[in-house]
Amino acid sequence: MAFPEPKPLAPELPQKLLKTLDCSQGAVRAVRFNVDGNYCLTCGSDKTLKLWNPLRGTLLRTYSGHGYEVLDAAGSFDNSSLCSGGGDKAVVLWDVASGQVVRKFRGHAGKVNTVQFNEEATVILSGSIDSSIRCWDCRSRRPEPVQTLDEARDGVSSVKVSDHEVLSGSVDGRVRRYDLRMGQLFSDYVGSPITCTCFSRDGQCTLISSLDSTLRLLDKDTGELLGEYTGHKNQQYKLDCSLSAQDTHVVSCSEDGKVFFWDLVEGSLALVLPVGLGVVQSLAFHPHEPCLLTAMGGSVQCWREEAYEAEGPTG
Amino acid sequence: MGRAWSLWKKVWGQLVGRVCRKQAGGQDSGERPKKPVPLQDQTVRDEKGRYKRFHGAFSGGFSAGYFNTVGSKEGWTPSTYVSSRQNRADRSVLSPEDFMDEEDLSEFGIAPKAIVTTDDFASKTKDKIQEKARQLAAATAPIPGATLLDDFIAPAKLSVGFELLRKMGWKEGQGIGPRTKRRPRRQKPDPGVKIYGCALPPGGSEESEDEDDDYLPDNVTFAPKDVTPVDFTPKDNVHGLEYKGLDPHQALFGTSAEHFNLFSGEPQGASSLLGDAGLNKGRKLGISGQAFGVGALEEEDDDIYATETLSKYDTVLKDEEPGDGLYGWTAPKQYRSQKESEKDLRYIGKILDGFSLASKPLSSKKIYPPPELPRDYRPVHYFRPVVAATSENSRLLQVLSESAGKAVHDPTTHSRHQLNASKRGELLGEMPVQGSATSVLEFLSQKDRERIKEMKLATDLKAAQLQARSLAQSAANSRARPSSPDLGHSPWHVALGGATAPTRASNFRPFAKDPEKQKRYEKFLLHMKKGQKDALERCLDPSMTEWERGREREEFARAAQLYTASHSTLSSRFTHAKEEDDSEQVEVPRDQELVSSQNDVTDKQSAVKMKMFGKLTRDVFEWHPDKLLCKRFNVPDPYPGSTLVGLPRVKRDKYSVFNFLTLPETTPPPTAPASSEKGPQLRETRKPSRWDAAQHEKKEDSISEFLSLARSRAGAPKPEPSPSVNTEEGRTPPESLPNKTGHSGAAPQTEGEGSRPSMDLFKAIFASSSESSSEEEEQDNSEDEQAGPEEAGFGGTQDSDTREAVSVAHAPAPAPPEPAPVPPFPIQKMQLDEREEFGPRLPPVFCPNVRRKPETPQKEKCKKNKEKHKSKKEHKRKKDKKKKHKKHKHKSKQKTKKSEKSSSSESTDSHDSESDGAGTPDLSPEELLRRLKCLPLPQQ
């Protein structure tokens, strides 16, 4: 006589501070997980990019070569290369193992706010304050971008890439989605300057955070509003937002030193995670586990769910 | 003697035959000779090339003696004489062969040595087996059916053996051997293979035997089956093994190979090939077997007509796995569940070694449905006949117009289903619901609505006038042929019907400038509505000339038509495209997005306010990705033929100054002040950044305002002690500082901004970033200093100090370790910052350890410098100098302090900044916080 399986527990939210990494690289402008979530990248304002094991807190490598602070970074799908962009208007392609600069793409007229690899790490897309997104070809040696998406009327603050789409948020208050397969550009007007955009993991929705202290969940295809998440404070700074691993929660930084979790469907505030006194400037959610990285000031915090037991010696 | 005679005959016949053949050969090769060949030329040679001579009638063919002599080379020697007395010479009997040459004994000689069946002994019937072999050979021959001709020519022969066998009771088609008691049951054709078309009937004799089988008595015996001898014919062609040329039977008559076998098994087989063909011809040709419709590269189709027979089933129990691995036993549950997964495997196929089934399903690609066609969409358009409205065809008219989807608004003929909700409400006497969100306009205040209405009216009027003018011209042109009024207006009369409702007509006054005319027009509409056909004639001024009347008739008609066309219920929801109506506007080709952002930006803002995301806020453009980009993304090029990249038809003209100069401003709804301020900004070039919301408003200030402010404040050393970020955000609280009041004073002017573009706009356009900003930059700096935190980067040490203060202000509850009570006022900017003109800002860094680093980059988020307050210029300069000076000092200081604890460095830093901002009044953090709190936010 078999009993029915108990209903699966709601995914736990990371709320236990597991580790604090003192990055000692100035302000941590961005923190990013790698593709499988085992490592993380921190972009420092001291022109360096660092690769960490966030769970153990070990520094694996420091990548230096930027001429100014590093504002964003991303890892390729095969963990073999990194790309980063920064205040020196350059987009840099790194070799992970050797730590060498493979290529430097120059062409942006302003700071590079955001960089992304495409799915196969053949193209780097970089969004800059010069209101353009440039697609750099990693395969060929040509120094110019393959294409420049200059539809934005103001600086591009966020770029995300799916297998055939480029999602960009701009300070002009519009979210633009370039669909390569359909050859169309979808422009959604939000009004307030957009600080961060992301795709949901099922690829059906886009999460948009804007400077009116609101996150909005839009249907990707129709642009309709599916949900609105408020309560945090985001009025001046470029802060990150994210969706949890199972798309169950919406996570956002806040200027009051907290991280806010909302239930995605209900829109209710699920958790407020006090991180510190400053501004939580960046966060990254683990690709498939309830693990969160937050960056505040010069340090990075690693959060896990309550039930998490660190295996092995940590630190 | 008879034999000798026959020999003679043969010799003679042979000779004659040879000559004849020879002559025939000569004739064959060329033309027939005109004169007979002379005797000396009639030569015959033997096989060795020697001449043969004819020796008259009796000597032909023989070369006698030595060169036709009797003797030999040695001469003629008679045979030795032998006396027969003692030695009786044995009597030698000479056979004819003794007198023959060796050639006569060869195969073709008179007396060939090989044993050959002579014609005398040849059977009259053909050799069955040989025929069969020949048929087989014929089938494989390069030219199939070539043996048919031989069959005609060759005489039918059968050997004596056949005759003998026949005599013994053998029949053709039977085997040789002892007769058996009961013939083995004939193999029936496989019932699974059905034959369609003209299958040949089984061989006649066999068939009859078969049929007899069942009732023949047991004492009847049967001959064994005939055996076709193995054909050992060597392969002598270059075709592939088993190659068969086109079988004429299959090709011509559609019989399959197995039919051919049956066919050849017939007694009359080969000889009657053509005859059978003729037989077949009489039947209908058709699909035969599976040879039809199966291509060379296709697999054979399943035989869907197969019938079930018992023979297809196993009749023996075998030790075979039933397939589920259970051998008929019931199995434990997990074993069965395992089966389930195997079933999945089977569905997918065999899994190779080293591979396992994916546990996660592939993310399915999005499938884009085809566009939805409207329900009444017809792929073919046909033009409906125009039917004049008369009493007899009015019904037809109605049907026509209904089917065309043209709404004929005749209140009396409305069916229930043609009414929409509002009309039904009207009929019922309901008041229209005010709150329903049918139109964006309804959310506007009364005043704004009126203003919009006025403007719309004006534009409508203008458009109508334009239209009317052009119409009048065309009418005048067409006036050359005078038409009778009735004929002239009947078509449009029909078209209009009662479509013009007076309520709507009241707010559309195309002839407002000419009240008389307008009155006439309204009268005309009224008449139209009543359905009077002569409406036009009635309302026209009788005092007008014929030409004027004609023109006015046309005008009214067109105006009425135009009006009904342009005012659908839908169109009332949207603002008019300004370019269309405004004749004065310079026609500048526009970018798509620009149009959208200009025209309905207010609509969009309202939509955002109402959270009506979706269609209202979305624009879709055709966008051409680069080919290489598509390749890198592994996506097919959506526009394979186009060389375009990016958005099509982007016109750079949109940045033309004239666009901004001549563009009339739509009045933004006051309910959305923030968004209305965004409106003009969107239209600007991309330079201004909206990260700094407050600066929009500054930008909107008129230049005179700036100047006056600058003048009034020239002497004030430090007008802005507050570091609050919210300074920029526009709604300055009453207690804000002087320069803030300047901003707020400018605020009311935003209302009227539409009338003239602000100076900043021009600056944004004309001032190239580097030069214009150099001086403004300094202002910017000072402003930044005042503005405080958003400018402050964490890199600059003093910046970070200020930042600290600000962040304290933001998060007041837990006091920072060393809350500097000093306003962070003079924030030092780095050189690099001055180059940067715009961009989003990064969050401030509130981390003490950063400060330890001496080499922290100075890079700060910068704001837009365009919206600089001129009044601050002087100020700025001073400050800048100070700043630079300070920086050096500060850096050196920092180095020394590297090892210090963060808190201590913080305190020193704050002291630095304190000393910098000597002139600023001290503000406690609490005060700062209070001010921050009461500052309204711009974007909300």
Side-chain angles (χ1 to χ4, degrees), chain A residues 22 24 26-27 29 45-47 68-69 87 110-111 113 118 122-123 129 131 135 137 146-147 151 153-155 157 164 171-173 178 180-193 211-212 218 222-225 228 235-239 255-257 277-279 281 297-299, chain B residues 363 366 368 593 604-605 608 611 613-614 617-626 628-630 632-636 638-639 645-647 675 678 682 686 689-691 725 790 794-795 807 810-811 814 816 836 838-847 849-850 853 855-857 859 937 939-940:
Chain A
D22 185 7
S24 62
R29 289 309 189 190
S45 59
D46 70 343
K47 316 174 193 175
Y68 224 82
E69 62 179 344
K111 288 187 302 185
N113 276 331
N118 75 334
T122 52
V123 177
I129 203 173
S131 78
C135 311
D137 190 1
V146 175
Q147 189 172 2
E151 280 74 32
R153 305 237 98 55
D154 206 332
S157 54
H164 66 280
V171 187
D172 65 3
Y178 301 86
L180 273 81
R181 191 164 291 174
M182 293 173 75
Q184 280 183 319
L185 161 61
F186 301 91
S187 167
D188 284 320
Y189 183 82
V190 174
S192 181
L211 276 194
D212 53 359
L218 300 186
T222 63
E224 281 159 9
L225 184 69
E228 220 174 17
Q235 289 159 358
Q236 313 163 45
Y237 305 128
K238 178 184 172 309
L239 301 182
E255 291 171 14
D256 52 8
L277 297 178
V279 176
Q281 21 194 355
S299 60
Chain B
S363 62
K366 181 80 185 168
Y368 300 100
E593 193 171 7
K604 280 191 165 60
Q605 282 160 354
V608 167
K611 304 194 192 312
F613 285 88
T617 58
R618 166 160 284 204
D619 299 306
V620 180
F621 308 108
E622 186 182 321
W623 174 71
H624 295 248
D626 193 271
L628 184 59
L629 195 65
C630 287
R632 293 279 184 262
F633 270 78
N634 278 335
V635 163
Y639 304 100
V645 170
L647 286 181
S675 48
K678 254 178 256 165
L682 275 181
R686 54 182 57 170
S689 165
R690 293 184 36 234
W691 285 94
V725 182
E790 79 255 46
F794 110 134
S807 46
H810 279 301
E836 293 268 349
F838 49 84
R841 65 184 75 100
L842 288 171
V845 177
F846 172 50
C847 72
N849 53 357
V850 173
K853 300 210 143 220
E855 76 282 9
T856 43
K859 163 77 160 258
L937 302 176
Q939 303 283 352
Q940 313 315 316

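Sequence lines set the chain letters: A, B, ... in the order given, protein chains first and strands last, and positions in each chain run from 1.
- Partners of B/V635 under the side chain to side chain contact (heavy atoms under 4.5 Å, CB included) rule, at least two apart in sequence or in another chain, are A/H164, A/L180, A/R181, B/F633.
- By number of non-hydrogen pairs under 4.5 angstrom with chain B, the leading residue of A/V123, A/D137, A/L218 is A/D137.
- By number of non-hydrogen pairs under 4.5 angstrom with chain B, the leading residue of A/C135, A/G183, A/G257 is A/G183.
- Every residue two or more places apart in sequence or in another chain that forms a salt bridge (Lys or Arg N to Asp or Glu O under 4.0 Å) with B/R618 is listed here: A/D188.
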> Should A/K47 and A/E69 be marked as a salt bridge (charged side-chain N to carboxylate O under 4.0 Å, His left out) after you check the CA-CA gap, both sets of side-chain angles, and the distance that decides it?
Replying inline: CA-CA 4 Å; A/K47 316 174 193 175; A/E69 62 179 344; over 6 Å; no
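- For B/V645, the parts lying near chain A are the backbone and the side chain together; criterion is any non-hydrogen pair under 4.5 Å.
- A/Q184 places no side-chain N or O within donor-acceptor distance of the main-chain N or O of B/V620, the cut-off being under 3.5 Å.
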